[in-house]
S.K.: 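This structure is in C-alpha cells; I'll ask about it shortly.
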Amino acid sequence: MSDKPSLPKGTRDFGPQQMAKRNYILNTIRGVFETYGFMPLETPAMENLSVLTGKYGDEGDQLLFKILNSGDYLSKVEKPIDKSAKELLPKIAEKGLKYDLTVPFARYVVMNRHDITLPFKRYQIQPVWRADRPQKGRYREFFQCDADVIGTDSLICEAEIIMMMNSTLGKLGLSDYTIKLNNRKVLTGITEAIGAPGKESDFCVAIDKLDKIGLEKVLEELSDRGLSDDSIQKVVPILEITGDTQEKIEKLKTILATSETGLAGIQEIEAVFSLAKTMEGDLSKVNFDITLARGLSYYTGAIFEIQVNNVKIGSISGGGRYDNLTGVFGMPNMSGVGFSFGVDRLYDVLEELGLFPEESLTSTQALIIHFDAPSQNFGLGVAAALRKSGIKTEIYPDKAKIKKQFTYADKKNIPYTIIIGSEEMASKNLTFRNMQTGTEEKLTVDQIIEKLS
RNA sequence: GUGGUUGUAGUUCAGUUGGUUAGAACGCCUGAUUGUGGUUCAGGAGGUCGUGGGUUCGAGUCCCAUCUUCCACCCCA
C-alpha cells in the first residue's frame, strides 16, 4: 500500500562518510596483501548452485540465496502444488549468490589450471550473501577480504598470514586483539587420544563454545552428542591445560603421544611459530588455542581466528588450511591456505573504539566562496588551477548568501575556504580562510596552491 | 530456521487505566548579521503514530496478521 521505499532485511546503504571510512579500511588491507605478493581476483556475484551446494554443510545450504530462473520458471514443474521445496528448488533455480570467496576461488583455480602458475596467491575483496537472521555485526550482505595461497603446503604461508594480520591491524590502529591459532590435526589427535575417533565434528562444535558456556555445559553437550563417559573424563584435563604456548605444546605432546596425526599438528604449530619469529614477527598477540575449532568443514590443517578484546562483536577474521578444496571440482591434492577479514565488523570495531583517523574523513580540501556572477566566474578559473595541482576543490554552484556557503563548508568539514569578491578580483589577492582557526590571509592563487600541496 | 523484542517529526525519544487539536530535545529553514560558518536570540516548517485488518461511541495506546530492528539459539565475517 505504502510507496515508502525500503531495503531488504540485513542490507544497508553506505553514505559518503561511511564509504570514506570503508575505503580507508579496504585500502589498508589491499596495501598489506599486495606487499606480500597477492594479486587481485574477482568472480561473479552469482555462481551455479552446483558449485555452491554441499560445500558448507547442511546449515550452509540453508543459508544460500537462490536465484529464480528467468522466463517461465515454472515450465519444468509438472505439479507445483504437490512438490516439496526440496524437489521444486532444482527445477526453478540453478544459480545462487556466492556465500564466501574461497569456494569460487577454488572453482576459478580448477577452471584455469593451465593458465596459472603455482603457487598461486590471490586476494579478493567482494560482497557475499547469507540468508542468516541479522544481528549486530551480522548482515545478509557483507564484504569479505580474502587472501589465499594455493598449490603449496609450506608453513611459511601460515606464518605470513600471521604477519599480515598483525600488520593490517597495526596500521588500523588496533592493539588489543588476540590471534587464535590451532590445528585441525591436533583436534583429530585429541579425539583419537580420548578414544572417540570419528567424533571430530561433534567434538569441535562443542569445545568451540568453551569460553562462552563454560566447561560444565561443554561436557554436557559432548555427552548429548554421543561421547562416552570415559572419553569425557579424558577430555577434562585437556581443556584445563593452561600456560603459555610453549607449555601447552609440551603438555599436549605427552597427551597425544599415541596419535600420529596429533603430533603432526603440534609440530606444524611449532613450525609456524618458529617461522614467524624468524620473520621478526610480533608473536605477543598470537595464542595457541586448543578450543578454537571453526565450523567450515573443509579445513584440514592450521585454523585462525582474530578476536578483538573489550568489544562486543564476533571474530573479525578467520581462516585456515584446506588440503582438498579443489578435489570436489575434479582437481585433487591441491593444498591451500587463506584467511579473510570481515570489513563490516572491522568497521563496527573501529567505530566503537573511535579509531578512524581524521584524515580518512576529509574529502574536499578547499571551497571557493563567491558573491555574484562575476566573482563566481573568476572562481571557476581558480578552481581549475587548484585542481590541476591535484587539490580537491569545490566551487559553490549556486548564487547564495555567504553565510550559506560557509555553512556548507562547515557541514562538509572542508578545512579551507577561498573567498572571492570585487576586492580580491582587483588585487588578485584572494582571501584564504582556515575554517578551524578562523584566521584569514590574502594570498595569490600560486601561494594558495603552495599552501595546500 | 526456533524463541523473544522493537517501530511515534530528518534524528534520539516522551505520550498516564483507551478520551478533545500527539509533545520535547537536537537537526532543518527564515531573520537579527545584504563581505564571513561553528556561539546566542526570535520566528517557522515538518507526523495518514511501520503497514493492513479487527474490537470500541472513541485506538499512538487493546487484539490479529505482516514487514522491519535488536537479542538468544543455530551458525558465522
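Chain identifiers are assigned alphabetically (A, B, ...) following the order of the sequence lines, protein sequences preceding nucleic acid strands; residue numbering begins at 1 within each chain.
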S.K.: Both conditions, 6.0 Å and 45 degrees, for the charged tip of A/K55 above the ring of A/Y99: are they met here?
M.R.: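 Not flagged: A/K55 not positioned over aromatic ring of A/Y99.
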
S.K.: Grab the stems for RNA chain B, please: at least three consecutive Watson-Crick or wobble pairs, both distances below 3.5 Å, written as range with range.
M.R.: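 The stems that RNA chain B takes part in, listed by first number, are B:1-4 with B:70-73, B:10-13 with B:23-26, B:28-32 with B:40-44, B:50-54 with B:62-66.
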
S.K.: Base, sugar-phosphate, or nothing: which does A/Y408 touch, judged by heavy atoms less than 4.0 Å apart?
M.R.: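 Since no nucleic acid heavy atom lies under 4.0 Å of A/Y408, the category is nothing.
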
S.K.: I'd like to know whether CE of A/M279 has more than 12 heavy-atom contacts from other residues, nucleotides or ligands below 6.0 angstrom.
M.R.: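 It does: A/M279 CE has more than 12 such atoms within range.
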
S.K.: Which part of the nucleic acid, if any, lies within reach of A/K209 when heavy atoms closer than 4.0 Å are counted: base, sugar-phosphate only, or nothing?
M.R.: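 Sugar-phosphate, backbone atoms only, no base.
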
S.K.: Applying a 4.0 Å non-hydrogen cut-off, can you work out what A/Q144 is touching in the nucleic acid: base, sugar-phosphate, or nothing?
M.R.: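 Sugar-phosphate, no base atom in range.
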
S.K.: Atom CE in A/M165, atom CZ in A/F341: separation rounded to 0.5 Å?
M.R.: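 Reported to 0.5 Å precision, the distance equals 6.0 Å.
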
S.K.: With A/R22 as the cation and A/F143 as the aromatic partner, state whether NZ or CZ is under 6.0 Å from the six-membered ring centre and within 45° of the axis.
M.R.: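 Because its charged atom sits under 6.0 Å from the ring centre and within 45° of the axis, A/R22 does stack over A/F143.
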
S.K.: Rounded to the nearest angstrom, tell me the gap between atom CG in A/D132 and atom P in B/C76.
M.R.: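 Nearest whole value for this atom pair: 10 Å.
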
S.K.: Tell me whether A/E34 is salt-bridged to A/K121, with the criterion being a basic N under 4.0 Å from an acidic carboxylate O.
M.R.: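 Looking at A/E34 and A/K121, the cut-off is not met.
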
S.K.: For nucleotides 28-38 of chain B, give me one character per nucleotide, 5' to 3': B if any protein heavy atom sits under 4.0 Å from the base, S if the only such contacts are to the sugar-phosphate, - if neither.
M.R.: S--S---BBBB

S.K.: For atom C1', what is the distance between B/G3 and B/C74, given to the nearest Å?
M.R.: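 Their C1' atoms lie roughly 12 Å apart.
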
S.K.: Which protein N or O atoms sit under 3.5 Å from an N or O of nucleotides 2-9 of chain B?
M.R.:
| residue | atom | partner | partner atom | Å |
| --- | --- | --- | --- | --- |
| B/U2 | O4 | A/R133 | NE | 3.3 |
| B/U2 | O4 | A/R133 | NH1 | 3.2 |
| B/G3 | O6 | A/R133 | NH1 | 3.2 |

S.K.: Do the numbers put A/R122 on top of the ring of A/F105, so that NZ or CZ is under 6.0 Å from the six-membered ring centre and no more than 45° off the axis?
M.R.: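 The answer is yes; both the distance and angle limits are met.
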
S.K.: Answer yes if the ring centres of A/F356 and A/Y347 are under 6.0 angstrom apart, and no otherwise.
M.R.: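 Ring-ring flag for A/F356/A/Y347: true, centres closer than 6.0 Å.
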
S.K.: If the C1' atom of B/C49 is compared with that of B/U68, how far apart are they to the nearest Å?
M.R.: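 Nearest-Å result for B/C49 against B/U68 at atom C1': 16 Å.
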
S.K.: Need one value for A/G10: base, sugar-phosphate or nothing, where a base atom within 4.0 Å counts as base even if backbone is also close, heavy atoms only.
M.R.: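 Touches sugar-phosphate only.
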
S.K.: When all nucleic acid strands are considered with a 4.0 Å heavy-atom cut-off, which category describes A/V205: base, sugar-phosphate, or nothing?
M.R.: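 Result for A/V205 = sugar-phosphate.
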
S.K.: Taking only the C1' atom of each, what is the distance from B/U66 to B/A22 in whole angstrom?
M.R.: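 B/U66 and B/A22 have their C1' atoms separated by 25 Å.
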
